[in-house]
Amino acid sequence: MRTHTYGELSAANIGQQVRLAGWVNRRREHGEHLAFLDIRDHTGLTQCVVDNSVDVRAEFVVAVTGTVTARVEGTVNTDISTGEIELQDCTIEILSAAEPPPFPIDERADKVDEMVRLKYRYLDLRRERMQRNLRIRSKVNAAIRAAMAGQDFVEVETPMLMPSTPEGAREFLVPSRQKPGSFYALPQSPQLFKQLLMVGGLDRYYQIARCLRDEDLRADRQYEFMQLDMEMSFVEVDDVLSAAEVGVLDAAEAVTGVRPNEVPRITWHDAMERFGTDKPDLRFGMELIELTGVFANTGFKAFSSANSIKGIKVDGGALRYGRNKLDGLTDEAKSMGAKGLVWLKVVTSEEENSQKLAFQSPVAKFLSEDETAAIISAMQASEGDLILIVADEWTTTCEVLGELRNRIGRPPVHDGPYHYLWVVDFPLFVGVDPATGRPRPGHHAFCHPHPEDLDKLESDPMSVRAWAYDLVLNGWELGSGSIRIHDPVLQRRVFSLLGIDDEEADRRFGFFLEPFKFGAPPHGGFAYGIDRLTAILAGESNIREIIAFPKPSSGIDPMTSSPSEVEASQLDELGIRVLPQAE
RNA sequence: GGUCCCGUAGUGCAGUCUGGAGUGCACGCCGCCCUGUCAAGGCGGAGGUCGCGAGUUCAAAUCUCGUCGGGACCGCCA
């Protein structure tokens with residue numbers, strides 16, 4: 001049907017008779033016997049010179065037979081790769097007529113209401129941006145597959161229909177026809193199956209797996225998303241991180257042409273101390289500075305009662321942050337659980353002939369001269385800086401300042417440079433279940449405690465680290481994983497801490513635990529979100545832009561109108577009755 | 001469930017604060033003109049439930065209340 005694509009033609013083809021096929025991009029009329037047609041395919045576009053009687057307009061699908069000709073002097077277009085040539089003596093064959101599209105098929109559609117783009121996604125996909133994004137995605141997938149296969153990982157598909165496990169994310173349920181009243185669940189992840197593959201002796205498993213979670217949608221979350229899911233036997237943490245890194249870095253190199261440096265590692269505790277979050281964005285500084293010692297003997301009540309005091313410094317922020325903005329930050333801090341937010345503007349002292357720095361702040365009068373000097377020294381502050389201090393429980397202090405740091409300093413996620421980061425040694429338990437009074441697992445109940453902390457499991461469970469780790473890119477969590485418990489005795493100890501006795505464990509996790517009685521290898525794994533990785537590599541801040549057919553945050557697809565009602569007979573067959581909607 | 005922002009021709013916008021007739025602007029569309037453009041150009045034309053509903057007013061795109069839709073974020077996402 002075609003001898004060439006539109007983007008590949010150049011002066012080297014001059015004189016050749018070619019046949020091309022594609023969409024009419026634009027038509028320029030110049031009188032009765034001359035018109036220019038820019039015709040486009042996914043590779044680019046070429047100008048065709050035709051008689052004005054040719055009856056086509058934008059988005060018609062045509063086949064063109066013509067002769068590649070050098071453009072006459074003065075008409076070369078240096079803006080496009082095919083600008084030196086054009087097709088003369090064209091015969092246009094209409095393959096499909098087209099109505100005018102609802103929005104322009106070019107970069108102007110970037111500004112079109114996203115619902116309109118999604119309703120006509122097949123038109124949106126014709127645009128260079130979307131073509132590029134989907135091809136980047138394909139490269140990412142290919143690079144990851146090659147990286148995994150190259151490390152002797154075995155690609156195995158796991159079921160989409162699996163038992164419901166109420167822990168974790170809300171599941172999509174699928175009613176059973178053969179067993180009315182019973183349901184499958186769509187996988188939140190292949191977690192259970194990949195561990196059973198290890199028991200099954202696969203040694204190294206991977207899958208580009210579709211995962212489904214019925215939680216509210218966000219810029220970085222869809223109901224359906226793709227994970228590179230992997231699991232390895234006879235490994236320790238380093239083995240998993242090294243193996244996982246290869247795919248991520250290969251994908252990055254395939255897209256950007258630059259191989260990222262080795263991924264640095266930071267412990268969860270250090271991440272919280274320095275950045276106030278378990279997914280630090282390393283593209284900017286503004287690290288949390290420890291100030292607790294400065295106020296050991298303070299008379300300022302807000303600080304004397306707190307066991308963790310930290311601050312961040314906004315360079316030159318004193319002028320940019322007026323009372324309104326500071327009140328906004330204070331409200332933000334309070335909404336996150338802080339008792340308050342202390343702000344200090346660094347100014348030159350008002351004392352005559354003094355070069356000393358001082359604070360302009362509602363609380364300045366509560367701070368001693370020594371404390372003022374110590375803060376300025378610790379924060380390395382200079383005139384015009386803004387200092388924000390939170391004094392609270394350690395977790396609150398870190399989290400609040402981490403959020404303020406992001407809010408004030410964080411660039412859009414896709415702005416370079418890329419900073420990959422492993423966060424390791426997550427706590428085994430995070431917080432307490434208010435219903436049971438028991439610790440809650442930080443990752444999941446099958447996560448292996450750090451061996452050095454095993455003796456504290458019962459005596460001080462909240463201080464126990466886990467063999468769990470996250471991969472972070474520019475402040476986005478790309479993925480997480482852990483070494484799993486393969487020893488039933490240790491598993492029972494962890495369950496016991498969670499308040500799960502043998503009977504309950506058997507009831508909730510029986511089909512998953514029984515295999516471990518038959519000889520489970522030590523194993524661990526990891527999974528990372530391919531949508532998020534692709535979005536950042538493609539320079540997009542929303543994963544919808546790198547998904548062919550995404551859903552808006554309502555979950556309602558404007559193109560297909562799903563979800564939709566079904567025939568009563570379908571419900572009958574499944575034994576399902578729909579309740580009337582509550583008013 | 002919550003906070004903030006948005007909704008005006010097919011598309012993108014101005015107008016909304018400070019109420020006064022939708023001749024509003026650009027692109028697109030239709031017709032005519034035009035032999036070297038490349039977001040071609042010129043002339044003309046069609047195209048509107050100002051998201052929807054109530055209220056205030058002599059008068060509402062504009063003010064008020066409600067509602068629907070969309071976006072970002074919080075909750076949620078082991």
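Letters go in sequence order (proteins before strands), and every chain restarts at 1. Here the structure is a predicted model, which is why all the values come from computation and not from measurement.
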> Near RNA chain B, under 4.0 Å by heavy atom, which residues of residues 549-557 of chain A?
Replying inline: A/Pro552, A/Ser553, A/Ser554
>> Need the pair for B/G47. Rule: Watson-Crick or G-U wobble, both distances under 3.5 Å, any strand; none if unpaired.
In response: none
> Quick one: does A/Glu32 reach the base of B/U35 with a side-chain donor-acceptor pair under 3.5 Å?
Replying inline: no
>> Measuring centre to centre across the rings, with the benzene-like ring taken for any Trp, is A/Phe426 within less than 6.0 Å of A/Tyr469?
In response: no
>> Using whole Å, what does the distance between atom P of nucleotide B/G75 and atom CG of A/Leu217 come to?
In response: 16 Å
> For the base of B/C30, is there a side-chain donor-acceptor partner from A/Arg57 under 3.5 Å away?
Replying inline: no
> Using a cut-off of 4.0 Å on non-hydrogen atoms, how would the nucleic acid contact of A/Glu477 be classed: base, sugar-phosphate, or nothing?
Replying inline: nothing
>> Going by the rule side-chain hydrogen bond (donor to acceptor under 3.5 Å, both in side chains), which residues pair with A/Arg438 if we only count those two or more places apart in sequence or in a different chain?
In response: none
> Reckon A/Gln88 touches a base, only the sugar-phosphate, or nothing at all at heavy-atom distances under 4.0 Å?
Replying inline: base
>> Please give the distance between the C1' atoms of B/G24 and B/A61 as a whole number of Å.
In response: 12 Å
> Do A/Glu399 and A/Thr396 get their side chains close enough for a donor-acceptor pair, meaning under 3.5 Å?
Replying inline: no
> Taking atom P in both B/A21 and B/C63, what distance in whole Å separates the two?
Replying inline: 16 Å
> On a whole-Å scale, what distance lies between the C1' atoms belonging to B/U62 and B/G51?
Replying inline: 16 Å
>> Applying side-chain hydrogen bond (donor to acceptor under 3.5 Å, both in side chains), can you list everything that pairs with A/Thr78, at least two apart in sequence or on another chain?
In response: none
> A/Arg71: what forms a side-chain hydrogen bond (donor to acceptor under 3.5 Å, both in side chains) with it, not counting sequence neighbours?
Replying inline: none
> Just how far, in rounded Å, is P of B/G28 from OH of A/Tyr120?
Replying inline: 19 Å
> Should B/U56 form a Watson-Crick or G-U wobble pair with both distances under 3.5 Å, which nucleotide is its partner?
Replying inline: none
> Given the P atoms of B/G10 and B/G2, what is the spacing between them in whole Å?
Replying inline: 33 Å
> What integer number of Å spans the C1' atoms of B/C29 and B/C65?
Replying inline: 40 Å
>> Give me each pair satisfying side chain to side chain donor-acceptor pair (under 3.5 Å) with a member in residues 48-57 of chain A, each pair once, sequence neighbours excluded.
In response: A/Arg27-A/Asn52, A/His33-A/Asp51, A/Asp51-A/Ser53
> CD of A/Glu99 versus C1' of B/G47: gap in Å, rounded?
Replying inline: 16 Å
>> Any base atoms under 4.0 Å from A/Gly442, or only sugar-phosphate, or nothing? Heavy atoms, all strands.
In response: sugar-phosphate
Donor-acceptor pairs are to be reported for all side-chain atoms of residues 549-557 of chain A against protein atoms at under 3.5 Å, with residues two or more places apart or in another chain.
residue, atom, partner, partner atom, Å
A/Ser554, OG, A/Ile556, N, 3.2
A/Asp557, OD1, A/Met559, N, 2.9
A/Asp557, OD2, A/Thr560, OG1, 2.9

> If the P atom of B/A14 is compared with that of B/U35, how far apart are they to the nearest Å?
Replying inline: 39 Å
>> Once you apply a heavy-atom cut-off of 4.0 Å, does A/Asn542 come out as touching a base, just sugar-phosphate, or nothing?
In response: sugar-phosphate
> Picking from B/C73, B/C76, B/A72, which would you name as closest to the side chain of A/Arg544?
Replying inline: B/A72
> Can you list the residues that meet the side chain to side chain contact (heavy atoms under 4.5 Å, CB included) rule with A/Asp110, with sequence neighbours excluded?
Replying inline: A/Glu107, A/Arg127, A/Arg129
>> Any donor-acceptor pair under 3.5 Å linking the side-chain atoms of A/Arg484 with those of A/Ser482?
In response: yes
> Can you give one letter per nucleotide of nucleotides 5-16 of chain B, going 5' to 3': B for a protein heavy atom under 4.0 Å from the base, S for sugar-phosphate only, - for none?
Replying inline: -----SSS----
> Between B/C38 atom P and A/Leu34 atom CG, what is the distance in whole Å?
Replying inline: 13 Å
> Are side-chain N/O atoms of A/Asn133 and A/Glu540 paired as donor and acceptor at under 3.5 Å?
Replying inline: yes
>> Using the rule ring pair (Phe, Tyr, Trp, His ring centres under 6.0 Å), only one of A/Tyr206, A/Trp422, A/Tyr205 pairs with A/Phe526; which is it?
In response: A/Trp422
>> Heavy-atom nearest nucleotide on RNA chain B for A/Leu118 versus A/Ile80: which residue maps closer to 5'?
In response: A/Ile80
> Considering Watson-Crick and G-U wobble pairs with both distances under 3.5 Å, what does B/C17 pair with?
Replying inline: none
Taking N or O atoms only and anything under 3.5 Å, show me the protein contacts with nucleotides 40-45 of chain B, one pair per line.
residue, atom, partner, partner atom, Å
B/A40, OP2, A/Arg26, NE, 3.3
B/A40, OP2, A/Arg28, NH1, 3.1
B/A40, N7, A/Glu29, O, 3.3
B/A40, N6, A/Glu29, O, 2.5

>> Using the side-chain heavy atoms of A/Arg221, tell me which of these nucleotides is nearest: B/C77, B/G70, B/G36.
In response: B/C77
>> Roughly how many Å apart are B/U64 and B/C4, using the P atom of each and rounding to a whole number?
In response: 15 Å
> How about A/Tyr223: does its OH atom have over 12 heavy atoms from other parts shown lying under 6.0 Å from it?
Replying inline: yes
> So what does A/Gln191 hit on the nucleic acid, given a heavy-atom distance under 4.0 Å: a base, only sugar-phosphate, or nothing?
Replying inline: base
>> Using ring centroids (six-membered ring only for Trp), state whether A/Phe516 and A/His486 fall under 6.0 Å.
In response: no
> Mind checking who B/A61 pairs with, Watson-Crick or G-U wobble, both distances under 3.5 Å?
Replying inline: none
> When the distance from CZ of A/Arg407 to P of B/A72 is rounded to whole Å, what number comes out?
Replying inline: 15 Å
>> Measure CG/A/Asn52 against C1'/B/C38 and give the value in whole Å, please.
In response: 15 Å
> For B/G69, which nucleotide is its Watson-Crick or G-U wobble mate, given both distances must be under 3.5 Å?
Replying inline: B/C6
> Sequence neighbours excluded, which residues qualify as side-chain hydrogen bond (donor to acceptor under 3.5 Å, both in side chains) partners of A/Arg492?
Replying inline: none
> For atom P, what is the distance between B/G22 and B/U37, given to the nearest Å?
Replying inline: 44 Å
> So, A/Gln16 versus A/Asn13: side-chain donor-acceptor pair below 3.5 Å or not?
Replying inline: yes
>> With a 3.5 Å cut-off and heavy atoms only, can you find an N or O donor on one side and an acceptor on the other between the side chain of A/Arg71 and the base of B/C38?
In response: yes
> Rounding to a whole Å, what distance do you find between A/Asn25:CG and B/G28:P?
Replying inline: 13 Å
> Between A/Glu403 (CD) and B/G75 (C1'), how many Å, whole number?
Replying inline: 13 Å
> Does a salt bridge link A/Arg323 with A/Asp327, judged by any charged N lying under 4.0 Å from a carboxylate O?
Replying inline: yes
Pull out every protein N or O sitting under 3.5 Å from an N or O of nucleotides 1-3 of chain B, one pair per line with the distance.
none

Under 3.5 Å donor-acceptor pairs involving side-chain atoms of residues 497-505 of chain A, not counting sequence neighbours:
residue, atom, partner, partner atom, Å
A/Asp501, OD1, A/Glu503, N, 3.2
A/Asp501, OD1, A/Glu504, N, 2.7
A/Glu504, OE2, A/Arg508, NH1, 2.6

> Which part of the nucleic acid does A/Val50 contact within heavy-atom distance under 4.0 Å: base, sugar-phosphate only, or nothing?
Replying inline: nothing
